[in-house]
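Structure record follows, encoded as structure tokens.
Just follow the structure's listing: the first ligand is 1, and inside any ligand the first atom is 1.
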Amino acid sequence: YRAKAEGLGSAVFDPSIDMAGEDLLQRVAELRAGIAAGELTLHFQPKIALASGAVEGVEALVRWERPGGAMVLPQDLLPLAERAGLMGDLTDAVLEVAAAQAARWRAQGIDLPIAVNIPASAISDDRLPRRMSRLLAEHGLPGSALQVEITEQALLTDPDGAQEVLTALHDLGVRAAIDDYGTGYSSLVRLRELDVDEVKIDRSFVVPLLLDERSASIVRSTIDLVHALGLRAVAEGIEEARVADALTDLGCDAAQGYHWTRPLPAPELEAWFVEHRGLVDAQAGEVLAAW
Ligand code: C2E
Ligand code: MG
Ligand code: MG
Ligand code: MG
């Protein structure tokens, strides 16, 4: 059993996943069955436009809801899916759930683009744009209803393949973001040759923004460079109001983080969104009244 288990996904063997062979085989079988049974769900985290405070979209983050109620998070789920060769199935399932949710929200008058995280293995696969085109048509959605996020690392793996896929997605009207920017030491000028719209600055630079001058200058110069290239800057991992304020002062376009809310299941996100929209409208009203 052990030899067989170690053969699974051995190309991406990750020694940090401490699982015995039989246990791994069982978990792989459970994941395969779980995906087929529709146990992958999405939680949604709002993306806030910093200048207005308005919600400009949401990011979809995958969770595996096991039948007993246990929830498996991406840090455990993604390496398992990689090792099991199930990353393609996972991505298909996530895209399907996201498109269905986008259609439901639009029918309710909630017009929030949903950004989906795309793994390295899919970003240079020309089946991705075809799959997204079909999904959009099936759910009656414009391309702007879905967005993709690709990590800087994934883009570095095969920039030429990624370029073709991103151009095809761009032609569908699907916007793209470079995720976790700053962790891959790449040239943003080089990445600009890709059809991307947005750069998400990694949490590891945002968290120490007010604590150390080096992080502050990295964030400041990244935002300026992103703007010089005609792209939007988005910051990840904002947990405090004063970090949100500092990013607003630096001209950062949008941000996400626990400061506003953790990722939420769809019904809770809807309730949060309605309440937040009320607050933003009330504030805008006060500003008008003060005028
Ligand atoms: P990411 O795309 O950079 O997503 C941001 C992660 O940071 C999410 O973790 C989110 O819950 C978390 N986060 C958001 N705001 C804060 C904050 O203020 N503080 C802290 N400490 N964390 C915050 P999550 O959901 O565990 O996802 C982790 C990573 O897994 C994601 O990083 C993404 O790379 C990957 N991932 C998530 N869903 C999918 C998916 O459907 N497909 C693929 N291929 N990857 C996914
Ligand atoms: Mg992301
Ligand atoms: Mg990110
Ligand atoms: Mg990140």
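Selection from H259, Q45, E240, R203 by nearest heavy atom to atom 21 (N) of ligand 1 gives R203. Considering each of P74, S121, A60, A120, the one bringing a non-hydrogen atom nearest atom 30 (O) of ligand 1 is P74. Checking V97, L61, L90 against atom 37 (C) of ligand 1, the nearest heavy atom belongs to L61. Remark: among candidates V207, V243, V62, D202, the nearest residue to atom 41 (O) of ligand 1 is V62, based on non-hydrogen atoms.
With ligand atoms numbered from 1 in the order given, ligand 1 contributes 41 (O) to contacts under 4.0 Å with heavy atoms of V94. Taking every heavy atom of E239 and a limit of under 4.0 angstrom, the matching atoms of ligand 1 come to 17 (C), 18 (O), 19 (N), 20 (C), 21 (N). Every atom of ligand 1 with a heavy atom of P263 under 4.0 Å away is listed here by number and element: 11 (O). For ligand 1, the atoms closer than 4.0 angstrom to any heavy atom of I238 are 18 (O). In the vicinity of G257, heavy-atom distances shorter than 4.0 Å reach the ligand 1 atoms 15 (N), 18 (O).
Contact annotation: for R262 versus ligand 1, there are no heavy atoms closer than 4.0 Å. Looking at H43 against ligand 1, nothing comes within 4.0 Å, counting heavy atoms. Contact annotation: for D179 versus ligand 1, heavy atoms closer than 4.0 Å belong to the side chain alone. Residue R63 touches ligand 1 through its side chain alone, judged by heavy-atom distances below 4.0 Å.
Pairs passing the ring pair (Phe, Tyr, Trp, His ring centres under 6.0 Å) check and including a residue from residues 25-45, sequence neighbours excluded, read F44-W105. The ring pair (Phe, Tyr, Trp, His ring centres under 6.0 Å) contacts involving residues 127-157 comprise nothing, where partners must be two or more places apart or lie in separate chains.
Residue D180 does not count as close to the Mg ion (ligand 2), with no N, O or S atom under 2.8 Å. In summary, no N, O or S atom of E236 is located under 2.8 Å from the Mg ion (ligand 2). Look at T151 and the Mg ion (ligand 2): no N/O/S atom of the residue is under 2.8 Å from the metal.
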Give the intermediate values and the outcome of side-chain contact (heavy atoms from CB on, under 4.5 Å) for residues Q153 and D180. CA-CA 8 Å; Q153 300 279 359; D180 301 348; over 6 Å; no
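Ligand 1 has no N or O atom lying under 3.5 Å from any N or O atom of Q256, backbone or side chain.
Taking OG from S133 and CD from E138, the interatomic distance works out to 9.5 Å, rounded to the nearest 0.5 Å.
Salt bridge R232/E198: present, at least one basic N to carboxylate O contact under 4.0 Å.
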